[in-house]
Amino acid sequence: MTNPADQVPWPVAEFEARLRGLGARYHIHHPFHVRMYEGSLEPDQIRGWVANRYYYQISIPLKDAALMAKCPDRGVRRHWIQRIIDHDGRTGDEGGIEAWTRLGEAVGLDRETIESQRLVLPGVRFAVDAYVNFVRQSPWEEGICSSLTELFAPEIHQQRLNSWPDRYPWIESAGLQYFRNRLSEARRDVEHGLAFTLAHFNTRPLQERALAIVQFKLDVLWSMLDAMMLAYVLDMPPYFTAPKAP
């Protein structure tokens, strides 16, 4: 028998606290990121991370465009379109994808290698595609909720800005501009996304659904690093035990 108390919506403050509590599972705690912060990653491992995260960067505008295509709310679209501009850029502002490409160049990758995506691991591609497909197939309101891992993003960007100059001095400082930009962009984005989620997901089933959606996004980010940990730290790249193809 269902306990009626279990169907009572959480107060907004408690709901927000539960969303923020999921930060304990943010990928800042993944062993790969811990190594990155400690300064123990080798240059090729940093390059692998940058090359793989490039696939995530170029997929975010596709995800956001899919959300907007389904959203009938003009006010929401006016907020959300800024996310596409942030990544794709416009005249006078090259945007986040270009900033990430320059990060790749700063760590020693050439532009053609980054943009070719040939270094993208299957596990990373699968995880990112799962996120894009989730937003394409789900109600637009759930797509907004899935963005709430941005609650935890400023900390990870600040961590890199604080630690990389000392621990990876071989990386050109200009290449870190992406992280500088995202400090303010992520805070702005999450203000809108969080307010919407707290207002829209206003029943207990919807609140529990919101928590599950954010957990799914955390799974995506963690799984991406699982693939990179195997390939670049544990020396277990895809198919490393399989017979060589003819």
Side-chain angles (χ1 to χ4, degrees), residues 27-28 30 32-33 35-37 39 41-66 80-132 135 147 149-150 153-154 156-165 167-189 217 220-221 223-225 227-229 231-232 237-238:
H27 64 163
I28 197 172
H30 192 284
F32 192 94
H33 252 298
R35 287 171 180 256
M36 182 184 294
Y37 173 71
L41 292 184
E42 298 294 330
D44 280 347
Q45 294 169 333
I46 292 286
R47 292 180 189 116
W49 176 75
V50 172
N52 277 270
R53 284 282 301 195
Y54 174 79
Y55 187 65
Y56 181 82
Q57 303 303 323
I58 64 173
S59 297
I60 293 302
L62 303 181
K63 176 268 299 184
D64 288 329
W80 215 260
I81 196 170
Q82 184 61 47
R83 295 170 180 253
I84 297 177
I85 294 170
D86 287 343
H87 280 80
D88 281 346
R90 59 184 170 186
T91 303
D93 178 5
E94 292 300 324
I97 293 173
E98 175 61 22
W100 194 269
T101 303
R102 292 177 183 175
L103 171 64
E105 293 175 323
V107 303
L109 294 167
D110 64 79
R111 183 173 291 262
E112 190 278 330
T113 297
I114 300 165
E115 295 177 345
S116 73
Q117 304 174 34
R118 61 174 173 266
L119 297 182
V120 177
L121 298 165
V124 169
R125 191 179 298 274
F126 191 86
V128 173
D129 288 352
Y131 179 38
V132 175
V135 176
S147 73
T149 51
E150 290 167 343
I156 207 168
H157 296 316
Q158 190 65 62
Q159 186 189 78
R160 294 165 187 155
L161 289 169
N162 291 344
S163 64
W164 280 31
R167 294 166 188 170
Y168 303 105
W170 53 273
I171 299 175
E172 298 175 16
S173 176
L176 306 184
Q177 190 59 44
Y178 175 87
F179 306 132
R180 299 185 187 101
N181 294 343
R182 288 304 296 167
L183 283 175
S184 58
E185 292 171 356
R187 291 189 178 100
R188 178 207 64 212
D189 290 346
K217 177 63 179 307
V220 167
L221 297 171
S223 295
M224 290 169 63
L225 288 183
M228 288 184 249
M229 186 79 177
Y232 303 132

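Computed from a prediction, not measured in an experiment: that's the story for all the values here. In what follows, every heavy atom counts, from backbone to side chain, and hydrogens, waters and symmetry copies are set aside.
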Item to check | Full working for side-chain contact (heavy atoms from CB on, under 4.5 Å) between Leu103 and Phe179 | outcome: CA-CA 10 Å; Leu103 171 64; Phe179 306 132; 3.7 Å; yes

Where [X] and [Y] come nearest, the two heavy atoms and their spacing:
{"X": "Pro154", "Y": "Leu183", "answer": "O-CD2, 3.5 Å"}
{"X": "Ala106", "Y": "Gly175", "answer": "CB-CA, 3.7 Å"}
{"X": "Glu105", "Y": "Ile114", "answer": "N-CD1, 4.0 Å"}
{"X": "Phe32", "Y": "Leu41", "answer": "CE2-CD1, 3.7 Å"}
{"X": "Met36", "Y": "Ile46", "answer": "CG-CD1, 4.3 Å"}
{"X": "Val124", "Y": "Met224", "answer": "CG2-O, 3.6 Å"}

Checklist entry - Picking from Asp93, Ile97, Ile60, what satisfies side chain to side chain contact (heavy atoms under 4.5 Å, CB included) with Asp88? => result Ile97

What's the separation between atom [atom1] in [X] and atom [atom2] in [Y], rounded to the nearest 0.5 Å?
{"X": "Ser173", "Y": "Tyr168", "atom1": "OG", "atom2": "OH", "answer": "16.0 Å"}
{"X": "Tyr131", "Y": "Lys217", "atom1": "OH", "atom2": "NZ", "answer": "3.5 Å"}
{"X": "Arg111", "Y": "Ser116", "atom1": "CZ", "atom2": "OG", "answer": "12.5 Å"}
{"X": "Arg160", "Y": "Ile28", "atom1": "CZ", "atom2": "CD1", "answer": "8.0 Å"}
{"X": "Asp189", "Y": "Arg83", "atom1": "CG", "atom2": "CZ", "answer": "4.0 Å"}
{"X": "His87", "Y": "Ile58", "atom1": "NE2", "atom2": "CD1", "answer": "11.0 Å"}

Checklist entry - Taking 4.0 angstrom as the limit, do Arg35 and Glu42 come out as a salt bridge? => result no

Next on the checklist: Tell me whether Arg188 is salt-bridged to Glu150, with the criterion being a basic N under 4.0 Å from an acidic carboxylate O.
Outcome noted: no

Is any side-chain heavy atom of [Y] closer than 4.5 Å to one of [X]?
{"X": "Val135", "Y": "Ser147", "value": "no"}
{"X": "Leu121", "Y": "Tyr55", "value": "no"}
{"X": "Arg118", "Y": "Glu112", "value": "yes"}
{"X": "Ile156", "Y": "His27", "value": "yes"}

Item to check | Plane angle bin for Trp49 and Trp164 - parallel if under 30°, tilted between 30 and 60°, otherwise perpendicular | outcome: perpendicular

Checklist entry - Is Arg102 close enough and on-axis enough to Tyr178, meaning under 6.0 Å and within 45°, for cation-pi? => result no

Next on the checklist: Can you see whether Tyr56 has Arg53 sitting over its ring - NZ or CZ less than 6.0 Å from the centre and within 45° of the normal?
Outcome noted: yes

Next on the checklist: For Leu109 and Glu115: C-alpha separation, side-chain torsions, deciding distance, then whether side-chain contact (heavy atoms from CB on, under 4.5 Å) applies.
Outcome noted: CA-CA 10 Å; Leu109 294 167; Glu115 295 177 345; over 6 Å; no

Checklist entry - Does the Trp100 side chain pair with the main chain of Gly95, one donor and one acceptor, at a distance under 3.5 Å? => result no

Checklist entry - Stepwise, does the side-chain contact (heavy atoms from CB on, under 4.5 Å) test hold for Leu221 with His30? => result CA-CA 10 Å; Leu221 297 171; His30 192 284; over 6 Å; no

Item to check | Over 12 non-hydrogen atoms of neighbours within 6.0 angstrom of CD1 in Ile85 | outcome: yes

Checklist entry - Sequence neighbours excluded, which residues qualify as side-chain hydrogen bond (donor to acceptor under 3.5 Å, both in side chains) partners of Asp44? => result Arg47

